[in-house]
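What follows is one structure encoded as structure tokens, with my remarks underneath.
No hydrogens, no waters, no symmetry mates; every other heavy atom, side chains included, goes into these values.
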Amino acid sequence: EQELGAKLFFRNPNKHMKLTDAGRKMVSYAENIIELERKAVNDIRAMSMKLTGTIRIGVTWAAGSDVLYEAIAAFRKLYPEIVFDIHQGNGYHHAKMIMDKEMDFALVSQVGDNYEMNKIQIPVTTRQVILVRKDSPLAGKTSVTVNELKEIPLIVPVMINSKRGAGLIKESVFDSLHIIGTYNLSQSAIGMVEAENAALLTSEAMASTVDPSRFTYMPIWPEVFYKVYVIWNEKMMEDIQTRRFADFLEEYFSQNEIVK
């Protein structure tokens, strides 16, 4: 305090000491210094040793998988002995696997509030769209409003159904929709779209991979964009290769702008 010329603590003989505003600021700087030291130690250790091992990553049909794979390729140029184990599945399932130490990272289009996760937004977004058969009443439209979906059998992600719109659709409107099914992987619901002549609520990244001779898609209006993240939990990390990859991702994606 003498060196800084500022009071860091409120001192009361009968109570515990409390931080002043200057004290809280000092703690923030101290935490940043500790984190910087950890990254410096990891970097130096990685340079002086052959980094090996496996990194487990969960992916979905969210946009951004190609961007993530480019990051993986760049990381493997630095550490060619690293093996990546790629799993496909639902983002919320992958989040649970991270907490259970069965997964290290996951690519997701929404970040749930059920788990405390580290996250970084990757430089891409994707629109929310409706996928339908070519002979659907909605086919040929350039866009569709949520109100226009009320008369159409609708299939939605499990997360959106369980959270009554999950912030992407207003609850009052969501409750009026004719939902006939839910899914955790959108590709698994394509058969139901075809059999029921239903509409599938999904991302443009997924819809663009479906056979265009049988299906078409159009954006929701007003447009809704999914943000895409890589998530992990550093408290669950026990291996140096996973910590190094987390640091690498933060550096790699912090240099890129978010694009639509």
Side-chain angles (χ1 to χ4, degrees), residues 58-66 87-97 106-115 121-122 124-229 231 260:
V59 299
T60 68
W61 281 96
S65 57
D66 54 340
H87 294 253
Q88 187 178 2
N90 176 270
Y92 278 78
H93 180 227
H94 285 157
K96 184 179 185 303
M97 292 180 71
L107 179 71
V108 300
S109 57
Q110 297 293 326
V111 179
D113 54 7
N114 295 331
Y115 306 107
Q121 187 177 352
I122 69 173
V124 66
T125 60
T126 182
R127 290 187 298 182
Q128 187 178 64
V129 301
I130 295 296
L131 178 78
V132 296
R133 280 183 1 191
K134 278 294 190 71
D135 61 346
S136 166
L138 298 178
K141 288 182 171 290
T142 56
S143 64
V144 59
T145 67
V146 175
N147 285 331
E148 289 179 287
L149 294 176
K150 292 181 179 179
E151 304 302 321
I152 303 294
L154 187 62
I155 306 166
V156 301
V158 170
M159 178 271 293
I160 288 181
N161 187 59
S162 64
K163 292 180 177 286
R164 298 179 65 204
L168 298 175
I169 300 174
K170 291 182 179 179
E171 286 189 12
S172 58
V173 176
F174 183 80
D175 291 340
S176 67
L177 298 177
H178 179 34
I179 296 175
I180 65 168
T182 63
Y183 66 86
N184 66 342
L185 284 177
S186 49
Q187 284 285 356
S188 63
I190 297 298
M192 195 171 183
V193 173
E194 191 161 30
E196 297 270 0
N197 202 1
L200 181 72
L201 182 65
T202 186
S203 70
E204 187 171 23
M206 192 293 291
S208 64
T209 67
V210 177
D211 183 358
S213 68
R214 297 162 54 203
F215 301 96
T216 187
Y217 65 89
M218 67 289 301
I220 296 286
W221 186 264
E223 289 183 320
V224 177
F225 285 89
Y226 293 103
K227 295 178 181 179
V228 184
Y229 300 89
I231 62 172
K260 293 182 179 180

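Atom CG of Leu200 sits about 8.0 Å away from atom CG of Leu154, to the nearest 0.5 Å. Between Arg127 atom CZ and Ser203 atom OG the span is 11.0 Å, to the nearest 0.5 Å. Interatomic distance, Thr202 OG1 to Leu185 CG, rounded to the nearest 0.5 Å: 10.0 Å. The OH atom of Tyr183 lies 6.0 Å from the CG atom of Leu201; values are rounded to the nearest 0.5 Å. For the atom pair NZ of Lys141 and CD of Glu148, the computed distance is 4.0 Å after rounding to the nearest 0.5 Å. Residue Gln128 holds its CD atom at 11.5 Å from CD of Glu204, rounded to the nearest 0.5 Å.
Counting only heavy atoms from C-beta outward, the side chains of Glu151 and His178 never approach each other to under 4.5 Å. Within the 4.5 Å cutoff, the side chain of Gln88 has no heavy atoms near those of the Thr60 side chain. Inter-residue side-chain proximity for Val144 and Ile152 is flagged as unmet; no heavy-atom pair is nearer than 4.5 Å. Side-chain contact between Glu196 and Ile180: present, with at least one pair of heavy atoms (C-beta onward) separated by less than 4.5 Å.
The shortest non-hydrogen separation linking Gly64 to Val124 is CA-CG1, 3.6 Å. The two residues Gln121 and Lys227 have their closest heavy-atom pair at NE2-CG, 3.7 Å. Minimum heavy-atom separation, Leu177 to Lys150: CD2-CG, 4.1 Å. Residues Val108 and Gly91 share a closest heavy-atom pair of CG1-CA, 3.6 Å. Of all heavy-atom pairs spanning Leu131 and Ala207, the tightest one is CD1-CB, 4.3 Å. Contact between Ile155 and Ala189 at its shortest, heavy atoms only, is CG2-CB, 4.1 Å.
At distances below 3.5 Å, at least one donor-acceptor pair connects side-chain atoms of Lys134 with backbone N or O atoms of Pro212. A donor-acceptor contact shorter than 3.5 Å links the side chain of Thr126 to the backbone of Ala205.
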Practice problem: Start with the C-alpha gap between Tyr217 and Ser208, add the side-chain angles, then the distance that decides, and say whether side-chain contact (heavy atoms from CB on, under 4.5 Å) holds. | Solution: CA-CA 8 Å; Tyr217 65 89; Ser208 64; 3.8 Å; yes

Practice problem: List the steps, then state whether side-chain contact (heavy atoms from CB on, under 4.5 Å) holds for Met218 with Val132. | Solution: CA-CA 9 Å; Met218 67 289 301; Val132 296; 4.1 Å; yes

Practice problem: Could you check Gln187 against Thr209 for side-chain contact (heavy atoms from CB on, under 4.5 Å), going step by step and ending with a plain yes or no? | Solution: CA-CA 10 Å; Gln187 284 285 356; Thr209 67; 3.3 Å; yes

Quiz prompt | Ile220 vs Val129, side-chain contact (heavy atoms from CB on, under 4.5 Å): CA-CA, chis, key distance, verdict | solution = CA-CA 5 Å; Ile220 296 286; Val129 301; over 6 Å; no

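Side-chain contact check for Ser213 and Asp211: at least one donor-acceptor pair (N or O, by modelled atom type) lies under 3.5 Å.
By the neighbour-count criterion of 12 heavy atoms within 6.0 Å, atom NE2 of His93 is sparsely surrounded, having that number or fewer from other residues, nucleotides or ligands.
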